[in-house]
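Here the structure comes first, spelled out in structure tokens, and everything after it is commentary.
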Amino acid sequence: MKKMLSLLLMIFMLVPMASALAEEGGDVVTLDVFYASSRPMNEATELTRQYMIDNIGVDFNLIQGDGGNFTQQLALYVSSGDMPDVVMCDYSVWRDYALDGAWADLSSYLSEENCPELMTYVGDNWSYMTMDGEVLGVPSMLDVPSSHVTFVRQDWLDNLGLEMPTTLDELTEVLRAFTTQDPDGNGEDDTYGMSGAGYSYLSFIMGAFGASTEEDYFLNDDGTITTNAISEGYREALRYLRDIYAEGLIDPEMFTCTYEQAQGKWGRGEMGVWPAWWSHASNAYLRFDFENLQPDAEVAAMMPPVGPDGLSGNLYSAPFTQVIGVSYLSSEEEIAAAVKLLNFQASPLGFRICMYGIEGEFFEWDPETNTTTWTPDLNDGYSKSGKYKSTDTEVYKMLFHEDWQAQANELIADSDPRKAITIAGSDMRYEEPVREDLFCLILTDEYNTYHSELTTFFSTNMLAFIMGEQDIETDWDTYVSEYLSMGGEEVRQSQLAEYNAIFGTDYTFAE
């Protein structure tokens with residue numbers, strides 16, 4: 001595909017393209033912007049678009065892509081020579097197109113004088129966006145250490161006279177008690193210590209062994225890198241999980257559960273510990289009727305046990321997963337407008353306007369205290385004027401900001417358990433000492449070639465070891481040898497070389 005795309009790019013560089021852009025008076029520049037979005041544009045969101053036209057001279061013509069086949073849609077745009085001016089896509093997609101020359105070089109437009117908010121927003125992450133000295137994109141920064149949080153039924157702990165566990169041994173005893181001691185008091189043997197939506201959520205336990213459930217790479221204090229998939233820490237974690245699985249402390253359906261099925265189990269009170277996405281416990285109230293299904297429930301966010309290095313198993317999120325690229329077909333005027341648009345979205349006020357709607361109508365913001373008040377919360381769901389019903393106004397947001405948790409004290413209410421667990425889940429992401437995957441954004445050709453098959457092999461063997469289908473003692477060496485020989489060694493060596501080249505390090509792998 002890359003060769004075909006490169007050829008098409010060369011062809012269309014030579015063919016004048018009839019621009020679909022139109023300028024609306026004066027210096028306003030209209031940009032066609034393409035990203036996957038299902039949020040409806042309406043009268044409320046139109047206010048945001050008009051604000052950008054009036055205040056920064058950029059008209060935002062959003063082309064809403066379909067998340068299910070976004071990559072195919074983008075390929076059609078590029079191959080037809082009608083590539084949108086601005087595209088937001090996954091990092092891996094951006095990288096493939098960057099290698100084929102699809103993005104404009106932004107280098108000459110990026111400076112503290114020209115776009116100070118954007119420069120501050122991206123910080124030290126421009127290296128990921130740079131190829132052959134050209135800056136070919138802008139990352140949408142996550143600013144979130146981790147998104148996985150462990151929830152526990154505090155009322156079950158209270159019923160059994162147990163404290164919140166802080167060590168692996170204490171957690172084991174809690175899982176055992178939740179499984180065997182009728183924590184809900186219904187006289188039935190119908191509870192598990194733990195369940196969830198898939199094996200990846202077991203990382204909160206694996207961290208106690210310096211490991212995780214992913215093919216990750218961890219930097220050690222001595223400058224060596226641990227390859228999680230073949231490490232002794234990972235092996236020890238598998239031994240522990242094998243033992244508690246055999247004891248029946250883990251719901252055997254956890255490894256095949258969907259998110260909706262896990263929510264159903266949580267709502268029926270089938271497990272006491274639930275490792276999940278940070279907002280899932282809140283969604284249980286909002287979307288799955290948890291308050292009525294479990295009216296006496298008290299839910300808390302739990303700090304997972306940590307390993308010898310003081311870190312948990314939940315992984316430090318990649319600094320970004322999506323990138324905004326500007327088409328190589330864009331004019332200098334359009335590139336400058338795109339940078340201006342992104343600088344606006346990187347600013348505290350610009351972000352809020354693109355996220356929540358225009359200031360004064362949908363929110364009030366005090367920059368000195370960084371406090372935001374959402375007007376619909378004070379006006380029965382309507383905007384300040386009463387004209388607009390509270391709606392999803394996040395239509396034009398491209399740059400992610402983790403801002404709302406700063407207003408925790410405004411949102412929380414003792415009488416609202418959903419808001420309480422929302423705050424607790426969000427706060428735990430910042431409190432937990434999460435583990436960083438060093439190569440999370442290093443996508444080499446070897447990685448692209450072998451990753452899918454390696455991941456399947458890795459996860460299949462993980463579950464086989466945990467469920468006792470393979471012997472962790474006699475089959476381990478064979479597993480390690482096969483993992484490395486089927487591409488694992490090529491992948492990790494290529495990622496190491498690229499990482500060292502990008503950041504000027506000389507790291508090596510641990511033995």
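Here the OG1-CD distance, from T372 to E364, works out to 10.0 Å after rounding to the nearest 0.5 Å. Taking SG of C257 as the start and OH of Y199 as the end, the distance is 15.0 Å to the nearest 0.5 Å. W126 CH2 to L110 CG: the interatomic distance, rounded to the nearest 0.5 Å, is 4.5 Å. With rounding to the nearest 0.5 angstrom, the CZ atom of F458 is 6.5 Å from the CD atom of E214. Rounded to the nearest 0.5 angstrom, M486 CE and S481 OG are separated by 11.5 Å. Atom OG of S107 and atom CD of E134 lie 6.5 Å apart (nearest 0.5 Å).
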Checklist entry - So Q263 and Y259, side chain to side chain donor-acceptor pair (under 3.5 Å) or not? Walk me through it. => result CA-CA 6 Å; Q263 281 281 8; Y259 163 59; 3.1 Å; yes
Item to check | Pair E498-R95, salt bridge (Lys or Arg N to Asp or Glu O under 4.0 Å): steps then yes or no | outcome: CA-CA 14 Å; E498 183 160 329; R95 185 178 182 276; 3.8 Å; yes
Item to check | Full working for side chain to side chain contact (heavy atoms under 4.5 Å, CB included) between V434 and L311 | outcome: CA-CA 6 Å; V434 294; L311 301 177; over 6 Å; no
Checklist entry - Do Y388 and E43 pass the side chain to side chain contact (heavy atoms under 4.5 Å, CB included) test, and can you show the C-alpha distance, the side-chain angles, and the key distance before you say yes or no? => result CA-CA 8 Å; Y388 304 101; E43 286 185 330; 3.8 Å; yes
Next on the checklist: Would I324 and V87 count as a side chain to side chain contact (heavy atoms under 4.5 Å, CB included) here? Give the steps.
Outcome noted: CA-CA 6 Å; I324 296 92; V87 177; over 6 Å; no
Checklist entry - Going through the distances and angles, do T227 and Y234 end up as a side chain to side chain contact (heavy atoms under 4.5 Å, CB included)? => result CA-CA 9 Å; T227 305; Y234 174 63; over 6 Å; no
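Residues K384 and F362 have side chains not in contact (no heavy-atom distance under 4.5 Å, counting atoms from C-beta outward). The shortest distance between side-chain heavy atoms of N61 and V33 does not fall below 4.5 Å. Between V29 and E334 there is a side-chain heavy-atom pair separated by less than 4.5 Å. Two residues are said to be in side-chain contact when any heavy atoms from C-beta on lie closer than 4.5 Å; M398 and S140 fail this criterion. Between V122 and P139 there is a side-chain heavy-atom pair separated by less than 4.5 Å. Side-chain atoms of V86 and D32, non-hydrogen and from C-beta on, never get closer than 4.5 Å to each other. Between F320 and Y128, the closest side-chain pair of non-hydrogen atoms falls below 4.5 Å. Here the side chains of D96 and L443 are not in contact, with every heavy-atom distance at 4.5 Å or above.
A side-chain donor from one of N500 and T505 sits under 3.5 Å from a side-chain acceptor of the other. Residues D90 and T321 bring no donor and acceptor atom of their side chains to less than 3.5 Å of each other. Q50 and D54 share a donor-acceptor pair across their side chains, judged by distance under 3.5 Å alone. Checking E489 against Q493 by side-chain atom types alone, a donor-acceptor pair falls below 3.5 Å.
The existence of a salt bridge linking R352 and E394 is excluded, since no basic side-chain nitrogen approaches an acidic carboxylate oxygen closer than 4.0 Å. Using a 4.0 Å cut-off between a side-chain N of Lys or Arg and a carboxylate O of Asp or Glu, R492 and E215 do not qualify as a salt bridge.
For residues 227-236, the salt bridge (Lys or Arg N to Asp or Glu O under 4.0 Å) pairs, not counting sequence neighbours, are E232-R235, R235-E473, E236-R239.
Proximity of a side-chain donor or acceptor of S146 to a complementary backbone N or O of N314 within less than 3.5 Å is not detected. Put simply, the side chain of T213 gets close to the backbone of S200: a donor and an acceptor are under 3.5 Å apart. Judged by distance alone, with hydrogens and angles left aside, the side-chain atoms of E361 form no donor-acceptor pair with the main-chain N or O of I358 at under 3.5 Å. Although no hydrogens or angles enter the test, the distance criterion places no donor-acceptor pair under 3.5 Å between the side chain of D100 and the main chain of A102. Under the 3.5 Å distance criterion, the side-chain polar atoms of N220 are left unmatched by any main-chain donor or acceptor of D222. Between the D216 side chain and the N228 main chain, no donor and acceptor come within less than 3.5 Å of each other. Panel note: side chain S426, backbone I423; no donor-acceptor pair is recorded below 3.5 Å. Of the possible polar contacts, none joining the E446 side chain to the H451 backbone as a donor-acceptor pair under 3.5 Å is found. Here the side chain of S147 pairs no donor or acceptor atom with the backbone of W277 at under 3.5 angstrom. For T120 (side chain) and P116 (main-chain N/O), a donor-acceptor pair under 3.5 Å exists by modelled atom type.
Pairing each heavy atom of S312 with each of V306, the nearest pair is N-CG1, 4.0 Å. When all heavy atoms of M119 and S111 are compared, the pair lying nearest together is CG-O, 3.5 Å. Nearest heavy atom pair, residue P348 against residue E117, reads CD-OE1, 3.8 Å. Scanning all heavy atoms of the two residues, the minimum distance from Y97 to A75 falls at OH-CA, 3.3 Å. Taking each heavy atom of G313 and S212 in turn, the nearest pair found is O-CB, 3.9 Å. Contact between M206 and A237 at its shortest, heavy atoms only, is CG-CB, 3.7 Å.
Ring orientation note: the planes of F60 and Y396 are nearly perpendicular, at an angle over 60° on the 30°/60° scale. Ring geometry for Y356 against F351 counts as perpendicular: the plane angle is over 60°, on a 0 to 90° scale with 30° as the lower cut. Below 30°, between 30° and 60°, or above 60°: for F70 and F34 the angle between ring planes is below 30°, a parallel geometry. In this structure, Y121 and H401 have tilted ring planes: the angle between them lies in the 30° to 60° band. Taking the six-membered ring for Trp and thresholds of 30 and 60 degrees, Y91 and W94 have nearly parallel ring planes, at less than 30 degrees apart.
Checked against the 6.0 Å centroid criterion, the rings of Y447 and F439 do not qualify as a close aromatic pair. Ring centroid separation for the pair H148 and W278 does not come in under the 6.0 Å cut-off. Taking the centre of each ring, Y479 and F457 come in below the 6.0 Å mark.
E260 CD: more than 12 foreign heavy atoms inside a 6.0 Å radius. Residue E431 qualifies as enclosed at atom CD: its count of foreign heavy atoms under 6.0 Å is above 12.
Judged by the 6.0 Å distance and 45° axis criteria, R435 is positioned over the aromatic ring of F218.
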